[in-house]
Each structure stands twice: as C-alpha cells, then as structure tokens.
Asks: 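Pasting in a structure now, in structure tokens, and then I'll have a few things to ask.
Chain naming here is simple, since letters A, B, ... match the order of the sequence lines and numbering starts at 1 in each.
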Protein chains: 2
Amino acid sequence: MSGIKDVAREAGVSIATVSRALRGLPRVSDETRERVLAAAARMEYVASPHAASLKSGQTRTVGVVVPNVTRWFFGSVIHGAEELLRQEGYDVLLYDITGDPEARHRLFSTHLLSKRVDAVMVLAVRPTPEEVASLVRVGSPTVVVGGYVPEWPSVRIDDVLASRTAVRHLIELGHERIAHIGGTPDPEHAGLQLPTPHDRLEGYRQTMAEAGLAIEPGWEAYGDFTARGGLTACQQLLDAPTRPTAIFAASDEMAIGAVHALRKAGLRVPEDISVVGIDDHELSEFFDLTTVAQPAHDLGHRGARILLDALAGHTPTGLVLPTRLVARGSSAGAP
Amino acid sequence: MSGIKDVAREAGVSIATVSRALRGLPRVSDETRERVLAAAARMEYVASPHAASLKSGQTRTVGVVVPNVTRWFFGSVIHGAEELLRQEGYDVLLYDITGDPEARHRLFSTHLLSKRVDAVMVLAVRPTPEEVASLVRVGSPTVVVGGYVPEWPSVRIDDVLASRTAVRHLIELGHERIAHIGGTPDPEHAGLQLPTPHDRLEGYRQTMAEAGLAIEPGWEAYGDFTARGGLTACQQLLDAPTRPTAIFAASDEMAIGAVHALRKAGLRVPEDISVVGIDDHELSEFFDLTTVAQPAHDLGHRGARILLDALAGHTPTGLVLPTRLVARGSSAGAP
DNA sequence: TTGAAAGCGGTACCAT
DNA sequence: ATGGTACCGCTTTCAA
C-alpha cells in the first residue's frame, strides 16, 4: 500500500505539496495539483487516517453510544445519523453497551472515547454526573438523542406531550378506565437513565387527573420497553381489581406485546380493550396499532447535524421535534 | 490529557518502561509495574490508539459493512458481533451503505477500509470481483455473515434448506397451492447481492417440484425484504389466476406485510390462507407467525469469533448454523 | 508556490 | 530490568 512519499516521488514534488494538493488547500498551482491527483489516483493512495489524526488532533470519527442496536428506535436513529455523518466524511464508531454499567463507566470515565472520536452521540444512556463531567472536561461535543441530560444539547420529542396525546385520544373515544405500561419501574428514582420513562408516566398521570379520571390500583405496570415485557405487564394489568378498557403503553413494542397478551386472554382489540403506543415502529402499521409517532430517523439526522455544527465551532442548541397521533385499528370507543 | 511522557515522569521511569508496563509485557519488575500502573491510574492516562496504530500497524478496530441497521436481522447480527469484539478489546466501525452502490464502491475499492480496520465483517452486501480482489490483496481478514462470497469464509444458514423446511411444513399441512414472496426480483442475475434470495427461491421451487406440486403463473412475487414490500407482493399474489392457499415469504418482515394484506382483503389467517416466513424476527411471536428461525445474534457472534481467530493467525473456516421450524398460528391445514 | 523539518504519541529494537 | 531512540505516516510551521 503506497504512502504519501510514494505519491510525492511519483509526482515529482515534496510530501508537503502532496498533502496540500490532496486536501484541496490553497497555494498549490493547478498544474501541480493535477499531477499529484493523477499520481495518487494511479497508485490508489489513501492517506492514513491514524497518521493524520495523530498530527491534526482530529479523528473524523464520531462515537455513538447506544444500549441496544436491536431496538427499532435506536437502529433508526443510528441510521439517520450515520447517513449524514458519512456524507460529511465522518466515520461512526458504535458502542453498544447493553445493560453493562461497568462497560458504560469504562467508556465514559476513561479518556478512551475522547481519544478516539471528535464528538459523541448518546442514546438513552444516562451517564453519572462524574462521567458527564469527565466528557465535558475533555471538550468533545456531545449530543443526547431521545432523552435529556442537562449538560448537553439534546434532540428529542416532548415525552410528556406524546403521552398526553395518546391518553387524550383514548379519553376522546370515551374511555375512562385507562391503564399504563411504562418503560421502567420506579422511573423517578432510577439514576442511570434518561427522563423518558418518567415523562411518559407523568403525561399519563397528568392527563388522567385533568380529566377527573382515577388511576385505580394495579393500573400501572412496567414492560422494560420490550414486547415480552409488554406482554407480562399486560397480564398483570388484567389482574387489577378493576379491569381497564384501554391501555396506553410507553412504546410500540410494549403495546404489541400487550395486544398479544389480550388476544391470548381471549379479549378482542379494540372491541374489548383499546391499545395505544408511542413510536410508530415500522411494523406498527402492519399490526394496525394506534400510536403517537416520533421521527426516529430524523432525530438521528438532527443529532448528527448538531454535532457537525459544534465541530465547526457553532454553539449547539437542543431541539424538540413534533410527534403526531396515528390512529389505527387498535383503538376504538369504550365498550 | 496526559501522555505517556507525563506518566513516565510521574513514575520516575522511561517512556519505554511505561509502555511495557501498561501493556503487560514481560521484563518489567513487579515493583516498577505497580508504580507505573498507579501513576497512570492517578493521571487517568489512556494511550492514544492512533499513535499506537501508527507504529504497530494494528488498529484494534473491525469494520462492519451493512446495508441497513434498521433491519432486525442486521441489527441482531451486529449486536452479537459487537458484544464479543468489545470484550476482546476491539472497536466496531459501522458502515451503513444503504442502497448506495457508489458508497459501497468507494468503501471497498479505496484502501480506506483497510487503513482503518484490522478486519471486516460484511453483511448481505456483495462486492464486485474487483472490490473483493482489492480487499483480498490488502490481506484484511474478512468474513461474510448471512450470505456467501466464495473468496471469504462465511457464517450463515443453509438457505435452501430453510426454504424447504418452510414449504414442507405447508405441504404436510395439506397445502398444494403454495405461492412465494421472494426478496428480490430476478435473483439469479442480480450481481451485487448475496445468493440468499436466490437460494430461498430455489428451495421453494425444489420442494414444490419434488412434491409434484405445480407453481402456477403469478405465484412468485417480490417484496424487497420489507413489510411494505411483502404487502404489495401479497396483493399481486391474490390476483393470480389460481388463488394459493398458502404463502411462503423469504423473510418474516415480508410475511408480516403479507398477513396484513390478507386481512385487509378480508381473508382470515390461517383459516383461508396460511403464511410462513423465515427469520423468527423478535416480533414474530407476537404476530403469531409461523417461521423458520435463524440464529441472527449467534451468526454475528460466530462471525466475530472467526475474525478474531484469523487475526490471531488461524486459518478461518466458514460455518453453517442450523435453523428450526417454529410452528405458530399463521399456518394451519389447507381450507 | 514549494520544500525542509519538527513534531503528533506511541512502539519496538538495541544498548546497557 | 531499564533506557535511548529511530521510526510509523502524516500535518504544519517556517524558509526559500
């Protein structure tokens, strides 16, 4: 594999000139530039990113920290971010730290991350204050997508509002007994996660209260944002003293699990029980699931944009993207 | 951020000793090593991966080339691979080259990839012979997951067999009019993709022929491996002169789209038409979809293992993982 | 406009 | 067991 020296020799110039010519810097005569470009092309020369990074201090790489690429929302965000980043010449380093707090800590607290990337995108992972401080100190631009961490700009939806939209939809359909499947138990005190589950629960409670509707015992269950969790949670809900006529799940995957649990219990959706989720997962349409859509792909794209701008010296500002109700067949009037 | 020199000064040794001590190399006294370790920890020192790469020629990074992280199968494979790679101290560079042949070409043909990573995992992307040659020439260990490229070891399932399992299941249920939704049209001549769609089509045709069953005109449609594509394809299938009593889709996502199309057309699944897919997508269970399961996560894990072994000097060998029929509610006896 | 040379921060060889 | 030092392949002054 040829290096810059080979190109220099081939083009009959110094390596400094090759470097300038190849990067499109000024102070290179057109004729020289052309000769260098030709030589580089002929030799299939590509500059070593490591050598360049070492000297310039830039890695042209951004790190994406995510709890689980398998989940639709995260995959979509990454996809949206990757697209723009690659287009701008940045590589994406993927850090999937599924449920391993130690791995998370190693990542955030050591300077590993900062030595390898120019900027960081954090998805649904909540670093401890010390970890945040460590990253902030290093100065790498960081953006949070789909959540909120005070020290960093974030691209997200209004989770409380999304919940309100979902619950209000059910109320407008005439439901009064509405239960909730949240993401995590006790979201108020969970230190290592973003406010998302808490906000969605909050939106549910607020809307119920404002409508003068009571939340009966056993109407709040938790599904860990997975379909299987949603299924289990839904089964618990059915055991509540008062059976709800509608279920609002904090994610589509949990909603899908809930629908399945209902069918297995011999209940019809939406005739007996309505179900609404949040996300508009790509398969939700095929499930005929009513949901509050959030623009996952776009969240990733905007997050990447913010990082790119920050890298260009701009001061980054957060962003709240709109959601919208997508009424489908899983919700109908109260029985 | 402190460098190796700072640590050396702090520990009162030379940088060479620091390097050795930190990497656990021999010829460092226990006492010295301890002092160096302590100093490094105190200063939160982390070696610059770029500097190390520059000298050692190793990047401790593997590149994963994938057409679309959003798709369940790819996400799962990446997840499986990432887990093992990170554990072994490798970073994962993600190249999502969704439907951009030019991006693919740039990636494979320039030495960009080879200068940035020690090894490459390719998912469902088929490089041209020249692109393959380029990577082979550079000598980076490469593995193909979920497909097959002659020059490289691959980790995959037996796609023909998976199809046969699905179709035989339908035949055993008494179906004789079985249609197929394939991944891509004209899979025999598509140069830039893996044999997967072709093999699955082949398995369908073989099994039908062996059972003495005819494939009527209009019984082969294509859904691009997406739910929406499956929906459209299924609608075409319903327009065939002879209506099938069962549909075998080459992926669960297409099968899910097909089920939705059937329901929209007023048909019941499985009473009127049975549907079977391939994958065992994480949501298939909640769809009550019969399918032939493939171990996506494990495919990724094994692929990573092969890469790691190759990096350690072993000669890599491909691997074919087993699939199994998961009979659920979307398939039943012929009406 | 071009070239020479000093690093960037480590690794690895050769002395000691 | 330790230290000195020549690189790795580029970028970036500084001179010419």
Side-chain angles (χ1 to χ4, degrees), chain A residues 1-37 39-40 43-61 89 91 110-118 138, chain B residues 1-37 39-40 43-61 89 91 110-118 138:
Chain A
M1 234 174 318
S2 39
I4 198 171
K5 277 189 210 156
D6 305 300
V7 179
R9 192 181 321 115
E10 177 87 1
V13 295
S14 72
I15 62 167
T17 300
V18 172
S19 179
R20 281 185 295 246
L22 257 26
R23 286 180 302 149
L25 296 187
R27 298 184 182 176
V28 179
S29 73
D30 289 351
E31 188 218 358
T32 304
R33 185 182 307 270
E34 226 166 286
R35 224 172 44 237
V36 171
L37 255 35
M43 314 176 71
E44 300 190 311
Y45 169 75
V46 175
S48 156
H50 297 295
S53 297
L54 195 54
K55 182 62 189 180
S56 68
Q58 305 211 12
T59 64
R60 298 219 56 103
T61 300
D91 275 341
T110 67
H111 294 288
L112 221 186
L113 205 47
S114 41
K115 291 224 175 174
R116 255 182 145 20
V117 306
D118 291 341
V138 175
Chain B
M1 232 171 324
S2 41
I4 197 171
K5 277 188 209 157
D6 305 299
V7 179
R9 192 181 321 115
E10 178 88 0
V13 295
S14 73
I15 62 167
T17 300
V18 172
S19 180
R20 280 186 295 247
L22 257 27
R23 285 180 300 150
L25 296 186
R27 298 184 184 177
V28 179
S29 73
D30 288 351
E31 188 219 358
T32 305
R33 186 184 306 272
E34 226 167 286
R35 224 173 44 237
V36 171
L37 254 36
M43 313 176 73
E44 300 190 311
Y45 169 75
V46 175
S48 155
H50 297 295
S53 296
L54 195 53
K55 181 64 188 180
S56 69
Q58 305 210 10
T59 64
R60 297 221 54 106
T61 300
D91 275 342
T110 67
H111 295 289
L112 220 187
L113 204 47
S114 40
K115 290 220 176 177
R116 256 181 146 10
V117 306
D118 291 340
V138 175

Asks: Using modelled atom types and a 3.5 Å cut-off, is there a donor and acceptor pairing between side-chain atoms of A/S56 and backbone atoms of A/A52?
Replies: yes
Asks: To the nearest Å, how far apart are B/H50 NE2 and C/dT11 P?
Replies: 14 Å
Asks: Within less than 4.0 Å of OP1 or OP2 of D/dT12, is there a side-chain N or O belonging to A/R23?
Replies: yes
Asks: Find which nucleotide of DNA chain D each of B/L54 and B/S29 is nearest to by heavy atoms, and output the residue with the more 5' nucleotide.
Replies: B/S29
Asks: Using whole Å, what does the distance between atom P of nucleotide D/dC8 and atom CD1 of A/I4 come to?
Replies: 14 Å
Asks: How do B/A16 and B/A51 order along DNA chain C: which one's closest nucleotide is nearer the 5' end?
Replies: B/A51
Asks: D/dT12 C1' sits how many Å from A/L22 CG, rounded?
Replies: 16 Å
Asks: With a 3.5 Å cut-off and heavy atoms only, can you find an N or O donor on one side and an acceptor on the other between the side chain of A/R20 and the base of C/dG3?
Replies: yes
Asks: Between A/S19 and B/S56, name the one whose nearest nucleotide on DNA chain D is closer to the 5' end.
Replies: B/S56
Asks: Hey, does B/S2 have a side-chain heavy atom less than 4.5 Å from the side chain of B/E44?
Replies: no
Asks: For B/R27 and for B/S53, locate the closest nucleotide of DNA chain C by heavy-atom distance; then report the residue assigned to the nucleotide nearer the 5' terminus.
Replies: B/S53
Asks: Which whole-number value in Å describes the distance from B/H111 NE2 to D/dC10 P?
Replies: 12 Å
Asks: Distance check needed: C/dG10 P versus B/M43 CE, whole Å only.
Replies: 11 Å
Asks: Applying side-chain contact (heavy atoms from CB on, under 4.5 Å), run through B/R116 and B/T61 and close with a yes or a no.
Replies: CA-CA 7 Å; B/R116 256 181 146 10; B/T61 300; over 6 Å; no
Asks: Is the distance from OP1 or OP2 of C/dG10 to the nearest side-chain N or O of A/K115 less than 4.0 Å?
Replies: yes
Asks: Can you tell me which nucleotide in D/dT11, C/dG3, C/dG10 comes closest to the side chain of A/I15?
Replies: D/dT11
Asks: Rounded to whole Å, please give me the gap between NZ in A/K55 and P in D/dT13.
Replies: 8 Å
Asks: I want to check one thing: is the phosphate of D/dT2, taken as OP1 and OP2, less than 4.0 Å away from some side-chain N or O of B/T32?
Replies: yes
Asks: Is any side-chain heavy atom of B/R60 closer than 4.5 Å to a side-chain heavy atom of B/S53?
Replies: no
Asks: I want to check one thing: is the phosphate of D/dG3, taken as OP1 and OP2, less than 4.0 Å away from some side-chain N or O of B/S14?
Replies: yes
Asks: Measuring to OP1 and OP2 of D/dC10, would you say a side-chain N or O of A/K5 lies under 4.0 angstrom away?
Replies: no
Asks: Whole angstrom is fine here: how far is it from OH in B/Y45 over to C1' in C/dT11?
Replies: 10 Å
Asks: With heavy-atom distances below 4.5 Å as the criterion, would you say the side chains of B/L22 and B/L37 are in contact?
Replies: yes
